[in-house]
Amino acid sequence: MPVHNADIAAIFEQIAELLEIQGANPFRVRAYHNAARTVSEFGREFTALIAAGQDVPHLPGIGKDLSGKIHEIATTGRCALLDRLRGELPPALTELLVIPGLGPKRVRTLHEALGVDTVAQLRAAAEAGHIRRVPGFGAKTEQRILDHLRSRPGPETRMLLPVAAQYAEALADWLRGAPQVQQLEIAGSYRRRRETVGDIDILVASDAPAPVMQRFTGYDEVRQILGQGSTRASVVLASSLQVDLRVVEPAAFGAALHYFTGSRAHNIAIRKRAQARGLKINEYGVFRGKARVAGETEESVFAAVDLPWIAPELREDRGEIAWAARAPLPRLIERADLKGDLHCHSRASDGNATLEELAAAARAAGLTYLAITEHSQRLTVAHGLDTARLLQQCEAIDALNARLDGIVLLKGIEVDILEDGQLDLSDEVLGQLDIVIGAVHSHFDLSPARQLKRLMRAMDHPHLHVLAHPGCRELGKRPPIELDWLRLVRHARRRGCFLELNAQPKRLDLTDVHARMAREEGVLVAISSDAHTVDDFNNLDYGIGQARRGWLEAADVLNTRPLDTLREVLRRG
Ligand code: DGT
Ligand code: CA
Ligand code: CA
């Protein structure tokens, strides 16, 4: 069974979490978290490199021990350390870590005091009132745990887009190896660049479906065949990802592509439009009576209902059809429009690359400026910078800029926004920086009114330029903070502040809906990698996907400006 980078990363994540629950050295824990990230973002498959006789390449933050483990996992699919840790602690304990208020220490305490090893046992213990009696816990904590467990949706089965991409693209490449495949697209939510996908929908145009179907079900990662007919099949891969395949004749490819790209709501709206014109649209084409009048390309399908082609990211039935019918759609932003990046971390806080390595990687990613924005002192777990260390870094950046070619580093900070909206560093030091981004890293559950007041107060600060990851969510882990978004966006507009679209795949925050609100209210959005490693600039692709879902054009985005314009924009009055 081939091992993908996402599988190696998942093993490293598990190791980090189990070590954390055991109370291991935090540096060791962080090394595994960082390694997971580096591995999942590395551009090539380790399995393929090793199969080609190459060594595991040198990567920042990956020493001899870790690269040995990459080799071990890539060649055997297992890791002896993880097996050992699983023998020492019940692996289901890591599922408790996502519950608000339960850090590794408390998870261990519950395990030792009450024998709680699973979410179900946790719930039973809370309902029986046992948790409040454990030293360090109280009735309030117990209630919080219960509230969370009762309100949370069923088991999360959606996969982050970039994780799904690794499995889906490998399978698509495998299918393209069949000479009978004339065209192939991955459709569904994947093509619409949703932040998570429920399953993968692959569409193939071919005059000879049988060998294509055979090749699909014969893929070596197929764990289970859910159903199989002559032109369609559904399978579950070893990664638990479900994949649906549909093979159609080339003359119907555009109609089928439109149909399987969705969304369902968009399709229904298009079908209605067709009916009003005496046409019928389905996955086989556009029909007037029995005659097929369109369907070979997506353009022909849209044209049949008097519309221009609509980009997949917009197909959510959020007004795109009515808009396209009367005016040109926005020219959606593309990756090449980004001139720089306004959020990253070096080794000085919780990243794992040097300033120089980050600069080189950003330049290689086609960027011309990069703001270094470490965490501030309050965030001790991330080695946040105090004034002295920040000023020291500013000197280092000046010195480095004198030597750098083709890229300029900006002096910045990701300053913590405290519970009352104050910032974690003095005005005096913040005023010396090129860019200040402010972020919430604590007190996520304030009432909506207090949360809004807190963020508006932070934006009132004369030196704050950008509000970073405004919703503070982590997909599948932490819901967004609650507040009146329209008031927040309008306050940003009044104060001349910008809103970040953090492009880390697990954040993608602003959401698509709020990015569009920012555009409509005239607030520029900063699409930022939040890079912690040199490979994190790949995040920008996913940020662009989210921005396109938010209808953003290049002009709506702060970091499409060249550096001199950016500096002017940042010098707000
Ligand atoms: P997902 O997989 O939950 O992330 O979301 P999708 O959008 O990929 O949904 P999926 O996989 O159930 O179906 C793929 C596309 O096929 C969907 O976006 C629209 C189309 N489709 C599927 N079933 C229906 C249906 O009953 N009616 C219509 N109009 N379209 C459908
Ligand atoms: Ca799907
Ligand atoms: Ca599907």
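Note that ligands are numbered from 1 as they come in the structure, with each ligand's atoms numbered from 1 the same way.
For the Ca ion (ligand 2), the tally of protein N/O/S atoms lying closer than 3.0 Å stands at 3.
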Go through it in stages, so that I can follow the logic: the residues are H258 and H266, the test is ring pair (Phe, Tyr, Trp, His ring centres under 6.0 Å), and I'd like the CA-CA distance, side-chain angles, deciding distance and then a yes or no.
CA-CA 10 Å; H258 179 262; H266 168 92; 5.2 Å; yes
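Residues lining ligand 1 at a heavy-atom distance below 4.0 Å are given as R158, G188, S189, R192, V197, G198, D199, D201, Y259, F260, T261, G262, S263, R264, N267, R271, ordered by chain and residue number.
Ion pairing of D509 with R473 is absent here, as no side-chain N (NZ or NE/NH1/NH2) approaches a carboxylate O to less than 4.0 Å.
Not a single side-chain hydrogen bond (donor to acceptor under 3.5 Å, both in side chains) links R271 to another residue, sequence neighbours left out. By the side-chain hydrogen bond (donor to acceptor under 3.5 Å, both in side chains) test, Q242 pairs with D244, sequence neighbours left out.
For R215, the CZ atom is densely surrounded, since the number of other residues' heavy atoms within 6.0 Å is greater than 12.
In this structure, L49 and F42 have side chains that are in contact, with non-hydrogen atoms separated by less than 4.5 Å. Side-chain contact check for E414 versus H469: some heavy-atom pair is nearer than 4.5 Å. A 4.5 Å side-chain heavy-atom check between Q546 and E313 finds every atom pair outside the cut-off.
A donor-acceptor contact closer than 3.5 angstrom is absent between the side chains of E17 and H33.
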